[in-house]
Protein chains: 2
Amino acid sequence: MTTINDIAKLAGVSRTTVSRFLNNSGYVGQEAGERIAQVINETGYMPSQSAQTLRTKKTGVIGIILPKISTETSSRVVSGINRVMKREGMQILLTDTELDPDKEIEYLRLLKSRQADGIILLATNIGERLQQEIEAFPIPVVALGQNIPGVPSLTYADYDASSDIMQLLIGKGHRKIGFIGVSETDPAVGKLRQGAYTDAMKRHNLEVKESWMAEGDFSIDSGYEAMKRIITGNRSALPDAVFCVTDRMATGAMEYLKEQGFSIPGDVAVAGIGDAVMARYITPSLTTVNYYNEEAGEAVGEMLLETMAGIKHSKKMMHKYRLIKRDSV
Amino acid sequence: MTTINDIAKLAGVSRTTVSRFLNNSGYVGQEAGERIAQVINETGYMPSQSAQTLRTKKTGVIGIILPKISTETSSRVVSGINRVMKREGMQILLTDTELDPDKEIEYLRLLKSRQADGIILLATNIGERLQQEIEAFPIPVVALGQNIPGVPSLTYADYDASSDIMQLLIGKGHRKIGFIGVSETDPAVGKLRQGAYTDAMKRHNLEVKESWMAEGDFSIDSGYEAMKRIITGNRSALPDAVFCVTDRMATGAMEYLKEQGFSIPGDVAVAGIGDAVMARYITPSLTTVNYYNEEAGEAVGEMLLETMAGIKHSKKMMHKYRLIKRDSV
DNA sequence: CTGAAAGCGCTTACAG
DNA sequence: CTGAAAGCGCTTACAG
């Protein structure tokens, strides 16, 4: 590999001058500059990132901690983050916890040793240990999707969006509304969305039957199984609508319903959250809410950039959303 | 940040010893080791990656150049690559060309300056300039999805898979088969799949009508528009089947067909390639071929690891695939 | 079993 | 306008 010393020698200047030329810092004589430019061109020289980092403490890399790398939401968010980071000439280091909370901490440490300039965390929990880790953390961390105490967080409007879905269902005359959720260890998807469900039911004096509620694990299959449990467990008192906290689980639920010959929304209405592309193309098309994940990615990206620059804006922000009414309700 | 010097001081040894302890290289006394371990624990010390890289020339990072970051195929592939890289303790740097061929070269250079230990390239072309760039490249590059001359490449069996689709269509009695493809600048998706289509038609003495063929750009919308062009342009001689080179375009095509009241596969059969999750859940479910993207990701990952280790195996490999017969044909 | 010393490729005061 | 020198945090012969 050619180094700055090679360039200096070939151009007949000191490496100090080459460095100045490269970074546009300080004066470089016309003639010297031209010689340097030419040599760089000929050799295809690129400064060593690690040497630069060692000196400047800046890597130009930010880390993203994802719950699951191969997910529609993840890739939309990453795409948004990537857009703003590219603008700043920064690179992205991806990390995948596979839904294991311990790995969130593990990767935080890993990204520290890689000297990421900042970290965007898409957590699935907000545990004590995680908070402590971040508190003592030497590099800026922002969160997306979960409101982590003490950490600048951009969250989705889980409660409001879920309330809107419930409102829509109830407005359409549904009274026996079931629910397919995820574990409450997940504050955003597990707790908040379920809270909106039970609150809405109570507000309208509707009965919340335990047997109308089932838990999945985000997967399409788990939605299918959850729906099956709800149906087989309530032969005599079937719900007439089901609110699923993700589109994937809603897709599975619909699959089961269709297999069993139920008409959607005639017999049972179904709604989800997330607006996966699939939601639009399955039959019937799925009523859901769009979270603008890509824009959310851009927004956390900007948040991170700001906190890296030392700007302390309002620490908590909620991202916009939009209810998408389609044919499943 | 605590450095190796701090640790050495706190543990009352030289930094040489700390380094040996860290890397398990050479002897470290029992007692010294214990003291070091304790200090490291207390301080949460992590060695600086950039300093290590500067010395050893290894970053522990591999770069991936993706045509589009937020795509189902991409995220599956990345997930597979990630699995093998994680096993090796390596990290992934993601890069997105947004389908711009110039950026493939740009990112190659960027990853060089970041001293990636290796690069996995998901190209959309195999142009001269790209080949030259790679030829002179100081770090190992492997390709996935395109067969790039001179570069170890893992490709999908585009021709065979497409032939299988055609075989299926023809076997079901279809004779007037249309085609929705992408630009032929893409050798794998554009050329090979189209070649299989025309070859199959000719082999069976079936007429290939220009007006039955349309080009899209991978998007669902473009599939919709392509189908529209085919239908509106052939009112008197409609095809009775359409082979779409991607599931997303097939989805768009089906959408148009359904809107227009055509029955699928009664009036027009539709097939795709890729086995997007959506393929299974749209109505009718889509006949397609599964490319095992995640395993392909693992496989290129291994290929890269091997070529990084200096192993020169057979440079060209084709990944397995499976025809998935569903209800759209 | 352990340490002093050199060096990886840069940047940045400092001096001229 | 330009260069010599120090130093970033490691690892690795080498010597003991």
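So you know, we letter chains A, B, ... as the sequences are listed, proteins then strands, and number each from 1.
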Side-chain contact check for A:Arg15: nearest option of C:dG3, C:dC10, D:dG9 is C:dC10
Would you kindly give the CD1-to-C1' distance between B:Ile36 and C:dC1, to the nearest whole Å? 12 Å
In the strands shown, is D:dC14 matched to any nucleotide by a Watson-Crick or G-U wobble pair with both distances under 3.5 Å, and which? C:dG3
Nearest-nucleotide comparison on DNA chain C, the residue closer to the 5′ end among B:Gln30 and A:Leu22: B:Gln30
Please work out if B:Tyr45 contacts a base, only the sugar-phosphate, or nothing of the nucleic acid, heavy-atom cut-off 4.0 Å. sugar-phosphate
Would you indicate, yes or no, if C:dG3 has its OP1 or OP2 atom less than 4.0 angstrom from a side-chain nitrogen or oxygen of B:Thr17? yes
Whole angstroms only, please: what is the CG-P distance between A:Leu54 and C:dG7? 17 Å
Output yes when at least one side-chain N/O atom of A:Ser48 is less than 4.0 Å from OP1 or OP2 of C:dG9, else no. no
From CD1 of A:Ile40 over to P of C:dC10, roughly how many Å is that when rounded to an integer? 10 Å
What is the separation between atom CZ on B:Arg55 and atom P on D:dG7, rounded to the nearest whole Å? 19 Å
Would one find more than 12 heavy atoms of other residues, nucleotides or ligands at under 6.0 Å from atom CD of A:Glu34? yes
Stepwise side-chain contact (heavy atoms from CB on, under 4.5 Å) test for B:Asn125 and B:Thr185: CA-CA 6 Å; B:Asn125 80 100; B:Thr185 58; 5.6 Å; no
The side chain of B:Pro47 is closest to which nucleotide in this list: C:dT2, D:dC10, D:dT12? D:dC10
Does OP1 or OP2 of C:dG9 have a side-chain N or O of B:Lys57 closer than 4.0 Å? yes
Cut-off 3.5 Å, side chains only: do A:Glu294 and A:Ser79 have a donor facing an acceptor? yes
Gap between atoms CD1 and P, on A:Ile4 and D:dG3 respectively (whole Å): 12 Å
If I take atom CD in residue A:Gln52 and atom P in nucleotide C:dC8, what distance separates them, rounded to the nearest angstrom? 17 Å
Would you mind telling me which of C:dT2, C:dG3, C:dT11 lies closest to the side-chain atoms of B:Ala32? C:dT2
Tell me whether the count of non-hydrogen atoms from other residues, nucleotides or ligands lying under 6.0 Å of CZ in B:Arg109 goes above 12. no
Give one of base, sugar-phosphate or nothing for A:Thr16, where a contact means two heavy atoms less than 4.0 Å apart. base
Counting only heavy atoms not in A:Lys103 (residues, nucleotides, ligands), do more than 12 fall under 6.0 Å from its NZ? yes
d(CZ, B:Phe21; P, D:dC10) in whole Å: 15 Å
Look at the side-chain N and O atoms of B:Ser19 and state whether any lies under 4.0 Å from the OP1 or OP2 oxygen of D:dT11. yes
Could a donor-acceptor pair under 3.5 angstrom be found where the side chain of A:Arg20 meets the base of D:dG3? yes
Side-chain N or O of B:Asn5 less than 4.0 angstrom from OP1 or OP2 on D:dC10? no
When the distance from CD1 of B:Ile7 to P of D:dC10 is rounded to whole Å, what number comes out? 9 Å
For the NZ atom on A:Lys9, are there more than 12 heavy atoms of other groups (residues, nucleotides or ligands in this structure) within a distance under 6.0 Å? no
